[in-house]
S.K.: 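Can you read through this structure? Questions will come right after.
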2 protein chains.
Amino acid sequence: MQEPTFLILTALAAGPQHGYGVITDVERISDGQVRLRAGTLYAAFDRLQGEGLIAEDREEIVDGRVRRYYRLTGDGAARLAAEAERMRRHAKAATARLRVIGSGGTA
Amino acid sequence: MQEPTFLILTALAAGPQHGYGVITDVERISDGQVRLRAGTLYAAFDRLQGEGLIAEDREEIVDGRVRRYYRLTGDGAARLAAEAERMRRHAKAATARLRVIGSGGTA
DNA sequence: TCAATATATATCGATCATCTACTTATGGAA
DNA sequence: TTCCATAAGTAGATGATCGATATATATTGA
């Protein structure tokens with residue numbers, strides 16, 4: 001799973017959100033480092049819905065504009081948890097090996 | 001940066017390794033979850049060398065077969081450290097939000 | 001009243017990393 | 001002598017993401 005997809009699921013883990021809300025939320029989660037593109041987001045929505053990881057929650061009309069809310073499914077939450085654990089382990093492995101270099105392994 | 005690329009850099013963070021060594025190392029790091037394909041590896045080697053994140057270290061002839069060793073450059077180590085930190089934060093954010101769901105937020 | 005900006009959804013074409021599959025080669029084991 | 005593990009490499013296909021663009025509305029300001 002790629003970073004944008006992971007962050008979309010993470011955004012929805014906080015509760016149902018609409019597309020534009022996910023974009024701004026992802027930007028916040030990543031400290032402004034990841035700015036989701038509309039193309040990425042809506043393609044991902046379709047794909048993740050097809051995989052059963054997210055589902056349409058409801059539609060609202062606010063100021064004459066449609067807001068389509070998506071929510072994380074049980075499968076989506078499980079998948080996100082698995083990916084988070086996988087990333088945690090990989091990050092830990094990399095950091096441990098980099099520490100060895102830093103502490104004079106190469107010198 | 002995608003997972004295979006991250007794991008290739010992580011493998012090289014333990015010291016210079018040749019292609020096949022990286023494949024087996026990555027499999028070990030990821031607990032057997034990630035099996036690097038030759039196509040992925042050698043394409044990544046070319047790309048990462050072009051980006052200056054890795055460099056050719058030396059060539060050895062073992063049992064009549066060439067072993068081409070690659071090593072992590074300073075830039076590569078810095079990049080890997082940055083990616084690891086980014087992943088750590090994202091994993092943490094996801095886990096924190098999933099905990100809220102788990103503790104009865106949706107119920 | 002007209003232009004610009006923020007919100008909001010959506011599509012299209014291009015790019016690029018990865019995957020599948022294949023090729024070549026050696027040494028050792030069955 | 002056939003098969004497997006090791007070892008490097010290429011070609012073509014797939015698919016996620018990106019950049020650009022289109023649409024529509026409300027608000028702000030010239």
Side-chain angles (χ1 to χ4, degrees), chain A residues 1-12 16-28 30 33-51 53-54 56-70 76 79-80 83 86-87 90, chain B residues 1-12 16-28 30 32-51 53-54 56-71 76 79-80 83 86-87 90:
Chain A
M1 182 182 294
Q2 296 192 29
E3 193 178 47
T5 304
F6 179 86
L7 291 171
I8 289 168
L9 294 182
T10 300
L12 294 180
Q17 289 192 68
H18 63 283
Y20 201 80
V22 169
I23 289 175
T24 53
D25 196 17
V26 163
E27 198 170 339
R28 196 157 42 78
S30 68
Q33 282 181 48
V34 181
R35 291 187 188 199
L36 229 53
R37 311 304 166 134
T40 305
L41 181 70
Y42 294 104
F45 273 162
D46 286 349
R47 182 167 35 88
L48 293 171
Q49 194 175 11
E51 292 173 29
L53 302 183
I54 66 171
E56 269 189 53
D57 193 66
R58 64 183 188 279
E59 278 188 10
E60 281 180 8
I61 308 289
V62 177
D63 292 330
R65 279 170 300 211
V66 173
R67 276 188 185 172
R68 180 166 300 127
Y69 283 77
Y70 286 90
R79 179 66 190 281
L80 179 59
E83 286 292 326
R86 184 196 190 93
M87 282 173 62
H90 289 174
Chain B
M1 181 183 293
Q2 295 191 30
E3 193 178 46
T5 305
F6 180 87
L7 291 171
I8 290 168
L9 293 183
T10 301
L12 294 181
Q17 291 192 67
H18 63 283
Y20 200 81
V22 169
I23 289 176
T24 54
D25 196 16
V26 163
E27 198 168 339
R28 197 157 43 79
S30 68
Q33 282 182 46
V34 181
R35 292 190 187 194
L36 230 51
R37 312 303 165 133
T40 305
L41 181 71
Y42 295 105
F45 272 163
D46 285 350
R47 183 167 37 87
L48 293 171
Q49 194 175 12
E51 292 174 27
L53 301 185
I54 66 171
E56 269 190 52
D57 194 65
R58 66 183 186 279
E59 277 188 10
E60 281 181 7
I61 308 289
V62 178
D63 293 330
R65 279 170 300 211
V66 173
R67 278 188 183 174
R68 182 166 298 128
Y69 284 76
Y70 285 90
R71 61 180 155 77
R79 180 66 191 282
L80 179 59
E83 286 293 325
R86 183 196 190 94
M87 283 173 61
H90 290 175

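FYI, side chains are in, hydrogens and waters are out, and symmetry mates aren't considered; it's all heavy atoms of this structure. This one's a predicted model, so the numbers in the text were calculated from it and none came from an experiment. Below, read A as the first sequence line, B as the second, and so on, with proteins coming before strands; counting in each chain starts at 1.
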S.K.: Classify the side chain of A:Arg68 and the base of C:dT9 as holding, or not holding, a donor-acceptor pair under 3.5 Å.
M.R.: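 Result: no qualifying N/O pair found.
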S.K.: OP1 or OP2 of C:dC16 versus the side-chain N and O atoms of B:Arg47: is any pair under 4.0 Å?
M.R.: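 For B:Arg47, the contact criterion (side-chain N or O under 4.0 Å from OP1 or OP2 of C:dC16) is not met.
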S.K.: What is the separation between atom CG on B:Leu7 and atom P on C:dA17, rounded to the nearest whole Å?
M.R.: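 To the nearest whole Å, that distance equals 16 Å.
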S.K.: Base, sugar-phosphate, or nothing for A:Gly39, non-hydrogen atoms under 4.0 angstrom?
M.R.: base
S.K.: Using atom OH of A:Tyr20 as one end and atom P of C:dT5 as the other, report the distance to the nearest whole Å.
M.R.: 14 Å
S.K.: Send over the distance from A:Ile61 CD1 to D:dT25 C1', rounded to a whole Å.
M.R.: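 These atoms are roughly 12 Å apart.
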S.K.: For A:Leu48 and D:dT17, what is the distance between atoms CG and C1' respectively, to the nearest whole Å?
M.R.: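 Checked: the CG to C1' distance equals 13 Å.
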S.K.: Do any side-chain atoms of residues 40-49 of chain B form donor-acceptor pairs under 3.5 angstrom with protein atoms, and if so which ones, sequence neighbours left out?
M.R.:
none

S.K.: Are any non-hydrogen side-chain atoms of B:Met1 and B:Leu9 less than 4.5 angstrom apart?
M.R.: yes
S.K.: What integer distance in Å separates B:Asp63:CG from C:dA25:C1'?
M.R.: 12 Å
S.K.: What heavy-atom pair brings A:Leu7 and A:Val26 nearest, and what distance separates the two atoms?
M.R.: O-CG2, 3.5 Å
S.K.: Might you point out which heavy atoms bring B:Ser30 and A:His90 nearest each other, and give the distance in Å?
M.R.: CB-NE2, 3.7 Å
S.K.: When the nearest nucleotide of DNA chain D is assigned to B:Leu41 and to A:Arg35 on a heavy-atom basis, which residue is associated with the more 5' position?
M.R.: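 The 5'-side residue here is B:Leu41.
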S.K.: Expressed in angstrom and rounded to an integer, what is the separation of A:Arg58 atom CZ from C:dT9 atom C1'?
M.R.: 17 Å
S.K.: Measure from NE2 on B:His18 to P on C:dT26 and round the result to the nearest Å.
M.R.: 17 Å
S.K.: Which is more 5' along DNA chain C, the nucleotide nearest A:Arg65 or the one nearest A:Ala38? Just name the residue.
M.R.: A:Arg65
S.K.: Do the side-chain N or O atoms of B:Thr5 get closer than 4.0 angstrom to the phosphate oxygens (OP1, OP2) of C:dT18?
M.R.: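 Checking B:Thr5 against C:dT18: at least one side-chain N or O falls below 4.0 Å of OP1 or OP2.
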S.K.: Out of D:dT10, C:dC19, C:dA8, which has the shortest distance to the side chain of B:Tyr42?
M.R.: D:dT10
S.K.: Quick one: closest heavy-atom pair of A:Arg58 and A:Pro16, and the distance?
M.R.: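 Heavy-atom minimum between the residues: NH1-CB, 4.0 Å.
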S.K.: Between the base of D:dT17 and the side chain of A:Arg37, is there a donor-acceptor distance below 3.5 Å?
M.R.: no
S.K.: Tell me the interatomic distance from A:Gln33, atom CD, to D:dT17, atom P, rounded to whole angstroms.
M.R.: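 For the pair A:Gln33 CD and D:dT17 P, the rounded distance is 17 Å.
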